[in-house]
Amino acid sequence: VQLQASGGGLVQPGGSLRLSCAASTTRFSVYAMGWYRQAPGKHRELVATINSGGKPNYADSVKGRFTISRDNAKSMVYLQMNSLKPEDAAVYYCNQASSLLALARGSFDYWGQGTQVTVSS
């Protein structure tokens with residue numbers, strides 16, 4: 001599997017970005033997908049998940065501002081980020097797992113290339 005996140009950039013507080021993750025995997029639709037982020041000096045945290053059925057879940061810190069979605073036909077997962085705050089700045093990664101529990105554990109041998117999000121005025 002290869003996972004390629006893109007769409008990051010510099011945005012002012014209150015702005016929006018849409019991240020994309022392309023997964024080169026067979027049977028993409030059966031996997032739960034997650035977006036993670038890691039800020040300098042901090043542990044990687046899970047910010048949003050979407051199960052194989054399309055049900056989303058969010059960390060409290062992003063609830064109401066971020067929206068995760070997936071396009072199984074394109075093997076893509078997206079993260080729409082609105083009302084961005086300086087504390088949202090991080091490198092964002094995506095990953096896949098057979099279960100939401102595995103996503104929550106985040107113990108993956110492989111992490112694809114992330115995308116940098118910078119929130120600053």
Side-chain angles (χ1 to χ4, degrees):
V1 61
Q2 287 192 341
L3 300 160
Q4 178 71 50
S6 62
L10 172 64
V11 63
Q12 292 185 343
S16 298
L17 281 174
R18 188 191 192 213
L19 305 185
S20 300
C21 172
S24 62
T25 181
T26 58
R27 302 185 70 208
F28 172 83
S29 63
V30 306
Y31 289 100
M33 299 297 298
W35 280 100
Y36 301 77
R37 66 187 181 189
Q38 187 168 21
K42 295 188 176 181
H43 294 294
R44 187 172 289 158
E45 65 169 326
L46 178 61
V47 297
T49 64
I50 186 165
N51 69 6
S52 58
K55 182 179 179 180
N57 201 8
Y58 302 95
D60 287 343
S61 58
V62 307
K63 199 171 293 183
R65 300 187 297 120
F66 289 12
T67 302
I68 188 172
S69 61
R70 65 190 298 161
D71 184 336
N72 290 335
K74 296 181 179 180
S75 297
M76 297 286 292
V77 63
Y78 306 97
L79 188 68
Q80 177 66 44
M81 305 188 296
N82 298 328
S83 302
L84 282 161
K85 304 175 180 180
E87 52 263 41
D88 294 318
V91 179
Y92 283 71
Y93 302 86
C94 61
N95 222 315
Q96 66 178 42
S98 57
S99 70
L100 294 176
L101 180 59
L103 286 177
R105 288 172 176 162
S107 298
F108 300 104
D109 293 329
Y110 171 75
W111 290 91
Q113 182 175 343
T115 187
Q116 176 73 52
V117 172
T118 303
V119 185
S120 175
S121 54

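In what follows, every heavy atom counts, from backbone to side chain, and hydrogens, waters and symmetry copies are set aside.
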**Q** Excluding sequence neighbours, so at least two apart, what forms side-chain hydrogen bond (donor to acceptor under 3.5 Å, both in side chains) with Asn57?
**A** none
**Q** Sequence neighbours excluded, which residues qualify as side-chain hydrogen bond (donor to acceptor under 3.5 Å, both in side chains) partners of Arg18?
**A** none
**Q** Considering only residues two or more places apart or on different chains, which pairs with a residue in residues 36-57 satisfy ring-ring contact (aromatic ring centres under 6.0 Å, His included)?
**A** Tyr36-Trp111
**Q** Mind listing the side-chain donor-acceptor pairs of residues 79-86 below 3.5 Å, one per line with the distance, residues two or more places apart or on another chain?
**A**
residue	atom	partner	partner atom	Å
Gln80	NE2	Asn82	OD1	2.9
Asn82	OD1	Ser16	OG	2.9

**Q** I'd like to know whether CD of Glu87 has more than 12 heavy-atom contacts from other residues, nucleotides or ligands below 6.0 angstrom.
**A** yes
**Q** With sequence neighbours left out, which residue pairs that include part of residues 19-116 fulfil the disulfide bond (SG atoms under 2.5 Å apart) condition?
**A** Cys21-Cys94
**Q** Rounded to the nearest 0.5 Å, what separates atom CG in Leu19 from atom OH in Tyr92?
**A** 7.5 Å
**Q** Could you report the tightest heavy-atom contact between Thr25 and Gln96, atom names first, then the distance?
**A** CG2-OE1, 3.3 Å
**Q** Applying side chain to side chain contact (heavy atoms under 4.5 Å, CB included), name anything that partners Val30, two or more places apart in sequence or on another chain.
**A** Arg27
**Q** Locate the shortest heavy-atom distance separating Val1 from Tyr110; write the atom from each residue and the value.
**A** O-CE2, 3.7 Å
**Q** List, by chain and number, the other hydrophobic cluster members for Leu101, where Ile, Leu, Val, Met, Phe, Trp and Tyr join if side-chain heavy atoms come within less than 4.5 Å, directly or indirectly.
**A** none
**Q** What is the minimum heavy-atom distance between Trp35 and Val77, and which atoms define it?
**A** CZ2-O, 3.6 Å
**Q** Which distance, rounded to the nearest 0.5 Å, do you find between the OG of Ser98 and the CG of Leu103?
**A** 8.5 Å
**Q** If you look only at pairs with a residue in residues 112-121, which of them pass as a side-chain hydrogen bond (donor to acceptor under 3.5 Å, both in side chains), with sequence neighbours excluded?
**A** none
**Q** side-chain hydrogen bond (donor to acceptor under 3.5 Å, both in side chains) with Lys63: which residues, sequence neighbours excluded?
**A** Asp60
**Q** Taking all non-hydrogen atoms of both residues into account, name the closest pair between Val117 and Asp88 and its distance.
**A** CG1-O, 4.4 Å
**Q** Mind checking what makes side-chain hydrogen bond (donor to acceptor under 3.5 Å, both in side chains) contact with Tyr31, not counting sequence neighbours?
**A** none
**Q** List, by chain and number, the other hydrophobic cluster members for Tyr78, where Ile, Leu, Val, Met, Phe, Trp and Tyr join if side-chain heavy atoms come within less than 4.5 Å, directly or indirectly.
**A** Met76
**Q** Side-chain contact test, heavy atoms from C-beta onward, threshold under 4.5 Å: evaluate it for Tyr93 versus Leu3 and give yes or no.
**A** no
**Q** Counting only N and O atoms by type, is there a donor-acceptor contact under 3.5 Å from the side chain of Tyr58 to the main-chain atoms of Arg65?
**A** no
**Q** To the nearest 0.5 Å, what is the distance between CE on Met33 and OG on Ser75?
**A** 9.0 Å
**Q** Grab the two heavy atoms, one from Ala39 and one from Ala89, that are nearest each other, plus how far apart they are.
**A** CB-O, 3.7 Å
**Q** Let me check something: any side-chain donor-acceptor pairs from residues 44-51 under 3.5 Å, sequence neighbours excluded? List them with distances.
**A**
residue	atom	partner	partner atom	Å
Arg44	NH2	Gln38	OE1	3.4
Glu45	OE2	Arg37	NE	2.7
Glu45	OE2	Arg37	NH2	3.3
Asn51	OD1	Gly53	N	3.0
Asn51	OD1	Gly54	N	2.9
Asn51	OD1	Lys55	N	2.7

